[in-house]
Amino acid sequence: MDYRIHRSKDELTSTGYMEIGPGKYSGVHWQDGFLFVWGDAFSMAEGIVAKHFPDYDHFAMNDIPKAIGERIIANWLEVGRGLSSMSPEEALFELNLNASHSGRLHDEVAAHGADIEEMIRTLATECAGFYEKDDWVCILGM
């Protein structure tokens with residue numbers, strides 16, 4: 001799975017990416033300055049989003065205010081520092097994923113733990129930068 005964060009729409013091979021950028025959703029997709037994360041890969045980070053932003057919808061346009069976003073960022077940083085050393089049960093809990101992910105999670109973390117950690121840490125850093133520019137971050141779903 002591709003856990004890289006793309007910063008240019010020219011790098012994308014399809015429309016199967018989540019879009020993350022500063023400000024509220026403007027009605028425009030594939031904007032310069034946004035982050036693009038493969039939808040399946042982002043599922044490893046979005047449980048933490050949903051934990052702090054209960055209205056989060058993977059298939060919708062989500063505008064996340066700064067106060068909530070700061071909690072998401074802190075949680076991402078915490079998990080992004082230790083995911084590969086967690087048991088599958090701990091990772092499931094810390095990522096706030098449901099039990100249906102358990103088999104896949106074990107395999108994914110075993111094979112790509114460092115990539116997942118890097119993705120989560122980079123999301124945290126980049127979103128913190130977005131909040132320096134605006135009081136909102138939008139996550140545009142599939």
Side-chain angles (χ1 to χ4, degrees), residues 1-26 29-142:
M1 186 169 326
D2 181 6
Y3 289 102
R4 291 174 296 157
I5 293 178
H6 302 275
R7 290 175 176 80
S8 169
K9 60 188 173 207
D10 296 333
E11 299 173 20
L12 309 182
T13 58
S14 74
T15 59
Y17 294 84
M18 304 294 285
E19 304 169 60
I20 304 158
K24 288 185 175 183
Y25 175 54
S26 67
H29 286 272
W30 314 113
Q31 294 186 58
D32 291 332
F34 271 49
L35 306 175
F36 306 99
V37 182
W38 184 247
D40 289 343
F42 190 71
S43 69
M44 292 298 208
E46 70 187 353
I48 292 172
V49 175
K51 176 180 174 181
H52 298 283
F53 188 70
D55 292 335
Y56 176 77
D57 183 340
H58 177 84
F59 299 101
M61 308 310 140
N62 303 274
D63 293 323
I64 302 179
K66 188 173 189 173
I68 293 172
E70 288 173 337
R71 293 194 311 259
I72 292 167
I73 289 166
N75 203 167
W76 276 343
L77 286 172
E78 181 182 340
V79 172
R81 285 191 283 267
L83 182 65
S84 60
S85 65
M86 293 178 193
S87 71
E89 294 76 22
E90 290 171 317
L92 206 70
F93 177 78
E94 293 298 329
L95 290 168
N96 194 39
L97 299 176
N98 65 41
S100 67
H101 284 85
S102 63
R104 184 181 135 219
L105 179 69
H106 182 268
D107 295 342
E108 279 299 303
V109 171
H112 304 286
D115 294 333
I116 297 167
E117 286 176 339
E118 177 66 21
M119 177 191 72
I120 291 172
R121 283 192 311 269
T122 302
L123 284 168
T125 301
E126 294 289 337
C127 286
F130 290 156
Y131 282 120
E132 289 176 7
K133 301 174 191 173
D134 201 295
D135 288 336
W136 296 86
V137 163
C138 59
I139 300 176
L140 310 183
M142 305 302 289

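Along the sequence shown, residues are numbered consecutively beginning with 1.
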Checklist line | Minimal non-hydrogen separation, F53 against D63, with atom names | finding: CZ-O, 3.4 Å

Next item on the list: To the nearest 0.5 angstrom, please state how far the NZ atom of K66 sits from the CG atom of D135.
Entry: 5.5 Å

Next item on the list: I would like to know whether W30 and Y17 meet side-chain contact (heavy atoms from CB on, under 4.5 Å); could you show each step before the answer?
Entry: CA-CA 10 Å; W30 314 113; Y17 294 84; 4.2 Å; yes

Next item on the list: Side-chain contact test, heavy atoms from C-beta onward, threshold under 4.5 Å: evaluate it for M119 versus R4 and give yes or no.
Entry: no

Item checked: Y56 and E46: side chain donor to acceptor below 3.5 Å -> yes

Checklist line | Pairwise side-chain contact, C138 with F130, heavy-atom cut-off 4.5 Å (strictly under) | finding: no

Notebook entry, point to check: Could you give the distance from CE (M61) to NZ (K24), rounded to the nearest 0.5 Å?
Noted result: 15.5 Å

Checklist line | Rounded distance (nearest 0.5 Å) linking atom CE of M142 with atom NE2 of H58 | finding: 5.0 Å

Check: Are the side chain of N62 and the backbone of G141 linked by a donor-acceptor contact shorter than 3.5 Å?
Finding: no

Next item on the list: May I ask you to test the I64-Y131 pair for a side-chain heavy-atom distance under 4.5 Å?
Entry: yes

Next item on the list: Please round to the nearest 0.5 Å and tell me the distance separating atom CG of L77 and atom CG of L123.
Entry: 10.0 Å

Margin query: Please determine whether a side-chain nitrogen of the Lys or Arg among K9 and D32 lies less than 4.0 Å from a carboxylate oxygen of the Asp or Glu.
Written below: yes

Next item on the list: Please test E19 against H29 for side-chain contact (heavy atoms from CB on, under 4.5 Å), starting from the C-alpha separation and ending with a verdict.
Entry: CA-CA 8 Å; E19 304 169 60; H29 286 272; 2.7 Å; yes

Notebook entry, point to check: Taking atom OH of Y3 and atom CD1 of I116, what is their separation to the nearest 0.5 Å?
Noted result: 4.0 Å

Notebook entry, point to check: Looking at CG of N75 and CG of L95, how far apart are the two atoms once the value is rounded to the nearest 0.5 Å?
Noted result: 9.0 Å

Notebook entry, point to check: Of the options I20, T122, T125, which is the one that meets I5 in a side chain to side chain contact (heavy atoms under 4.5 Å, CB included)?
Noted result: T122

Note to self: If I compare all heavy atoms of A45 with all of W76, which pair ends up nearest, and what's the gap?
What the structure shows: O-NE1, 3.1 Å

Item checked: M44 side chain near L97 side chain, heavy-atom distance below 4.5 Å -> yes

Checklist line | Heavy-atom pair with the smallest gap, counting every atom of D2 and A41 | finding: O-CB, 3.3 Å

Note to self: Tell me whether R7 is salt-bridged to E126, with the criterion being a basic N under 4.0 Å from an acidic carboxylate O.
What the structure shows: yes

Item checked: Heavy-atom pair of closest approach, residues L140 and Y25 -> CD2-CD1, 3.3 Å

Next item on the list: Could you pull out the closest heavy-atom pair between I48 and I72, with the gap in Å?
Entry: CG2-O, 4.0 Å

Notebook entry, point to check: Of the non-hydrogen atoms in S87 and E90, which two are nearest, and what is the gap between them?
Noted result: N-OE1, 2.8 Å

Check: How about E11 and F36: do any of their side-chain heavy atoms sit closer than 4.5 Å?
Finding: no

Next item on the list: May I ask you to test the L83-E94 pair for a side-chain heavy-atom distance under 4.5 Å?
Entry: no

